[in-house]
Amino acid sequence: MFHAQVLTLFPEFFDSPLACSIPKRAIEAGIVCVERIQIRDFATDRHRKVDDTPYGGGPGMVMKPEPVVAAIREARRRDADTRVVMLTPSGARFTQDKALEYVDGGHLTLLCGRYEGFDERIVDYVDEELSLGDYVLSGGEPAAMCVLDAVIRLLPGVLGSPESAVLDSFSEEGILDWPHYTRPEVFEGRRVPDVLLSGNHAAIEAWRRRESLRRSRARNDDDA
Ligand code: SAM
């Protein structure tokens, strides 16, 4: 079983996404287990404070090292093999290859920030820093949920058809999925490409390959 842990101030954030569709089925089938650890439980002062004002001044609050590091230690105590990943816009970009790497690892702890982010010294206690992309979310929870979802669908036995994950975008480095069509044949004047109705499997495969490459090139040109 893949063992995931999430360190968060909002454990309830994960209730709904983990109770739907593929993640729900994977949990029920015992393929993955997602434990949530409330960081605030590790605050030691009377007010259970997890944040404080930044040294040097400026807006916002910073997550304090003591409760966060205590929560990381608890995650490592529960699972000595876990890899602790801090969600932060300054981290390395999350990719499909990264998701596959996490699947192979089998043990993952996702550390979610809030406010202005973490006291910088916390970085010394994690294994890596990970970003979902070049934009700022209000907390690490939506980022952690995306990582969990991408990992869960890759776990053996999760998808109805094991081929699906292999054929998804990025399964081959940098290559996007081909366009998909279903019934009706004509929708508001837009026709399904003839080749897909031809029954000629070799021609369909060639068309899909061409379309994948065309889309991938177009995306690369947009990114350049
Ligand atoms: N002041 C920080 C900055 O500008 O880099 C942003 C902090 S953000 C409001 C609060 C938390 O959301 C972060 O500590 C991090 O855990 C999470 N977060 C925000 N954007 C993220 C992203 N692109 N990838 C991963 N985590 C993100």
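Counting starts at 1 for both ligands and their atoms, in listed order. The figures here come from the full heavy-atom set of this structure, side chains too, leaving out hydrogens, waters and symmetry mates.
Under the 3.5 Å distance criterion, the side-chain polar atoms of T8 are left unmatched by any main-chain donor or acceptor of C112. Between the R25 side chain and the V158 main chain, no donor and acceptor come within less than 3.5 Å of each other. At least one donor-acceptor pair under 3.5 Å links the side chain of Q5 to the backbone N or O of A75.
Close N/O approach between C112 and ligand 1 is not found [any backbone or side-chain N/O within under 3.5 Å]. The shortest N/O to N/O separation between G133 and ligand 1 falls below 3.5 Å. Residue L137 has at least one nitrogen or oxygen atom sitting less than 3.5 Å from a nitrogen or oxygen atom of ligand 1, judged on distance alone. Polar contact with ligand 1: present for Y135 (N/O pair, distance under 3.5 Å). An N or O contact shorter than 3.5 Å is missing between V136 and ligand 1 by distance.
Residue contact annotation: L130 has a non-hydrogen atom under 4.0 Å from ligand 1. Under a 4.0 Å heavy-atom criterion, Y115 is in contact with ligand 1. Ligand 1 lies within reach of G139, whose nearest heavy atom is under 4.0 Å from it.
Here is the list of ligand 1 atoms found below 4.0 Å of a heavy atom in G113: 11 (C), 12 (O), 14 (O), 16 (O). Counting the atoms of ligand 1 from 1 in the order shown, those under 4.0 Å from a heavy atom of S131 are 23 (N), 24 (N), 25 (C).
The side chain to side chain donor-acceptor pair (under 3.5 Å) contacts involving residues 185-209 comprise E172-R209, where partners must be two or more places apart or lie in separate chains.
Tested against M63 for a side chain to side chain contact (heavy atoms under 4.5 Å, CB included), the candidates L111, D119, L9 yield a single pass: L9.
At a heavy-atom distance under 4.0 Å, only side-chain atoms of A143, from C-beta outward, approach ligand 1. Contacts between T88 and ligand 1 below 4.0 angstrom, taking non-hydrogen atoms only, involve the backbone exclusively.
Of all protein heavy atoms, the one closest to atom 15 (C) of ligand 1 is L87 O, 3.1 Å. Nearest protein neighbour of atom 27 (C) of ligand 1, counting heavy atoms only, is P89 CD, 3.8 Å. For atom 1 (N) of ligand 1, the closest non-hydrogen atom of the protein is E116 O, 3.0 Å. Looking from atom 24 (N) of ligand 1 to the surrounding protein, the closest heavy atom is L132 N, 2.9 Å.
H3 and E35 share a donor-acceptor pair across their side chains, judged by distance under 3.5 Å alone.
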How far apart are the C-alpha atoms of E66 and R121, what are their side-chain angles, what is the distance that settles it, and do they pass the salt bridge (charged side-chain N to carboxylate O under 4.0 Å, His left out) test? CA-CA 10 Å; E66 306 93 316; R121 292 165 291 187; over 6 Å; no
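Atom OH of Y55 is surrounded by 12 or fewer heavy atoms from other residues, nucleotides or ligands within 6.0 Å. The neighbour count for K49 NZ, taken as heavy atoms of other residues, nucleotides or ligands under 6.0 Å away, is above 12.
Rounding to the nearest 0.5 Å gives a distance of 4.5 Å between CD of E74 and CZ of F42.
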